Amino acid sequence: MILLSLLVATAVAIILLRDLFAAVMLSGIFSLLSAGLFVVMDAVDVAFTEAAVGAGIATVLMLGTLTQTSTRERPAPRLDWSALVVVVLTGTALVIGTLDMPAYGDPTAPIHQHVAPAYIAQNVGKQSGRSETDDDDFQGHVPNMVTAILASYRGYDTLGELAVIFTAGVGVMLLLSGLPPTAGDTPETNPAESEAGVDA
Amino acid sequence: MGLFNYWTVIVLMMVGFYTVIARNNLIKTMIGLGIFQVSVFMLYISMGKIADGTAPIRVQPSAGHEAIYSNPLPHVLILTAIVVGVATTALGLALIIRIREAYGSIEEDEILEMDRNS
């Protein structure tokens, strides 16, 4: 709960800051805090991906952009009332939507009733009752269930993800290939770093 | 306490949303988009958590005690989403650099003004 409050404080600070450099740094802190929160919520794989990709690569990309542009935001009117109304209305609608949701951590929530128990049972069961003939079965040999599910059932997601990263990489290269040579060090790193994120 | 997590996530989401629609600075918009993305990730991960559960990594079964694992499925989905998110961020930042080169500004209203005058 403390982490959540810190996250909200960081997010509010980010929108209030005029100095873009500080805002970028705070967004890195924001990612790191959220990685901590993912650990608290048992999502360790997500946490280290967020720490590496969100706090690391995204911050580096933003800093690279800042060197090409300006680090100050032009002062604007303090509050955009129409935007605020839209945001508050959307937020209220979402909160009303959550009233039907099962409580946080409830083991009888619908999300825990369908495929997930089968995945877990498959993984855990193979461990206890494993014989030598089970070697061709991929699951059961990987203690990390997230990895096992990702590799066994969610391969197409990763394929689609690769397509997105490839498209983004090509797009970045096309967009930045016409830059003057003095400003050319960020473009090359972008696609390469995005691809490095796949392993995470 | 039951729904507190979801509500905080919604507050975060709305902070990001406000930044995206109300701020003129393009880099600020990208940061807001990042906040929005992270809050969506957090919504999914919150749903996967089971009270007293442990991370979905198999532990050696101790005698008479079965470990409770949190739901690994949202983790799998969000793992993919994080990487896709950073890819879109990279593309957006490249666009910003390009816009800055063409217009000399990264303030949205100034750019629209220039477009109208040209």
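Excluded from the calculations below are hydrogen atoms, water molecules and symmetry mates; all remaining heavy atoms, backbone and side chain alike, are included. It should be emphasised that the depicted structure is a prediction, and the values quoted were computed from it without experimental measurement. Numbered from 1 within each chain, the chains take letters A, B, ... in sequence-line order.
In this structure, CZ in B:R98 is found 10.0 Å from CG in A:L174, a value given to the nearest 0.5 Å. One distance of note links CG of A:L150 with OG1 of B:T80; it measures 5.5 Å at 0.5 Å rounding. Between atom CZ of residue B:F41 and atom CD of residue A:E50 there is a gap of 6.5 Å, rounded to the nearest 0.5 Å. Atom CG of A:L175 and atom CD of B:E101 lie 10.5 Å apart (nearest 0.5 Å). Within the model, atoms CE of B:M14 and CG of A:L84 stand 11.5 Å from one another, a figure rounded to the nearest 0.5 Å. To the nearest 0.5 Å, atom OG of residue A:S27 and atom CG of residue B:L33 are 12.0 Å apart.
Both the backbone and the side chain of B:L95 come within contact range of chain A, judged by heavy atoms closer than 4.5 Å. With a threshold of 4.5 angstrom between heavy atoms, A:L37 approaches chain B through side-chain atoms but not through N, CA, C or O. Within the 4.5 angstrom heavy-atom criterion, atoms from both the backbone and the side chain of B:S46 approach chain A. Proximity to chain A is limited to the side chain of B:I106, based on heavy atoms less than 4.5 angstrom apart. Using a 4.5 Å cut-off between heavy atoms, A:V24 touches chain B through backbone and side chain atoms alike. Using a 4.5 Å cut-off between heavy atoms, B:L12 touches chain A through its side chain atoms alone. Both the backbone and the side chain of A:A43 come within contact range of chain B, each with at least one heavy atom under 4.5 Å from a heavy atom of that chain. With a threshold of 4.5 angstrom between heavy atoms, A:L26 does not approach chain B through any atom at all.
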Stepwise side-chain contact (heavy atoms from CB on, under 4.5 Å) check, B:H75 with A:M145
CA-CA 10 Å; B:H75 305 183; A:M145 294 171 204; over 6 Å; no
Would you please test A:I165 and B:V84 for side-chain contact (heavy atoms from CB on, under 4.5 Å) and show each step?
CA-CA 7 Å; A:I165 291 169; B:V84 168; 5.7 Å; no
Could you walk me through whether B:F4 and A:L4 pass side-chain contact (heavy atoms from CB on, under 4.5 Å), step by step?
CA-CA 10 Å; B:F4 176 77; A:L4 274 172; 4.1 Å; yes
Give the intermediate values and the outcome of side-chain contact (heavy atoms from CB on, under 4.5 Å) for residues B:M42 and A:M41.
CA-CA 9 Å; B:M42 218 164 283; A:M41 295 195 282; 3.7 Å; yes
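Not one N or O on the side chain of B:R100 forms a donor-acceptor pair closer than 3.5 Å with the backbone of A:T69. Listed for the A:D45 side chain is no donor-acceptor partner under 3.5 Å among the backbone atoms of B:L79. Between the side chain of A:R154 and the backbone N or O of B:V76, no donor-acceptor pair lies under 3.5 Å. Remark: the backbone N or O of A:L17 is paired with a side-chain donor or acceptor of B:K28 at under 3.5 angstrom.
Of the listed residues (A:S5, A:G91, A:G54), the one with the most heavy-atom contacts under 4.5 Å to chain B is A:G91. Counting heavy-atom pairs under 4.5 Å between each of B:V11, B:I21, B:I50, B:I96 and chain A puts B:I50 at the top. By number of non-hydrogen pairs under 4.5 angstrom with chain A, the leading residue of B:I78, B:V9, B:V38, B:T89 is B:V38. Counting heavy-atom pairs under 4.5 Å between each of A:V44, A:I14, A:T10 and chain B puts A:I14 at the top. Per-residue counts of heavy-atom pairs under 4.5 Å with chain B were compared for A:V164, A:V39, A:V95; the largest is that of A:V95. Contacts with chain A were tallied for B:I35, B:I99, B:L77; B:I35 has the most, counting heavy-atom pairs under 4.5 Å. Among B:D109, B:I10, B:T19, B:L73, the residue making the largest number of heavy-atom pairs under 4.5 Å with chain A is B:I10. Chain A forms more heavy-atom pairs under 4.5 Å with one residue of B:A81, B:A55, B:G32, B:G34 than with any other, namely B:A55. Taking chain B as the reference chain and counting heavy-atom pairs below 4.5 Å, the highest number among A:T167, A:L94, A:V12 is found for A:L94.
Other residues, nucleotides and ligands contribute only 12 or fewer heavy atoms inside 6.0 Å of the OH atom of B:Y44.
Counting heavy atoms from C-beta outward, A:I111 and B:P74 have side chains that approach closer than 4.5 Å. Residues B:F17 and A:V86 form a side-chain contact, since some pair of their non-hydrogen atoms from C-beta on lies under 4.5 Å apart. Side-chain atoms of B:Y18 and A:I15, non-hydrogen and from C-beta on, do get closer than 4.5 Å to each other.
B:K49 approaches A:V40 most closely through the heavy-atom pair NZ-O, 4.0 Å. Taking both residues in full, the closest heavy atoms of A:A168 and B:A87 are given as CB-O, 3.7 Å, listed atom of the first, atom of the second, then distance. Heavy-atom minimum distance, A:I149 versus B:P72: CD1-CG, 3.6 Å. Looking at every heavy atom in both residues, A:L176 comes nearest to B:A94 through CD2-O, 3.8 Å. Shown here for B:L3 and A:L99, the closest heavy-atom pair between the two residues is CD1-CA, 4.1 Å.
One hydrophobic cluster holds both A:L16 and A:L6 under the rule that ILVMFWY side chains link at heavy-atom gaps under 4.5 Å.
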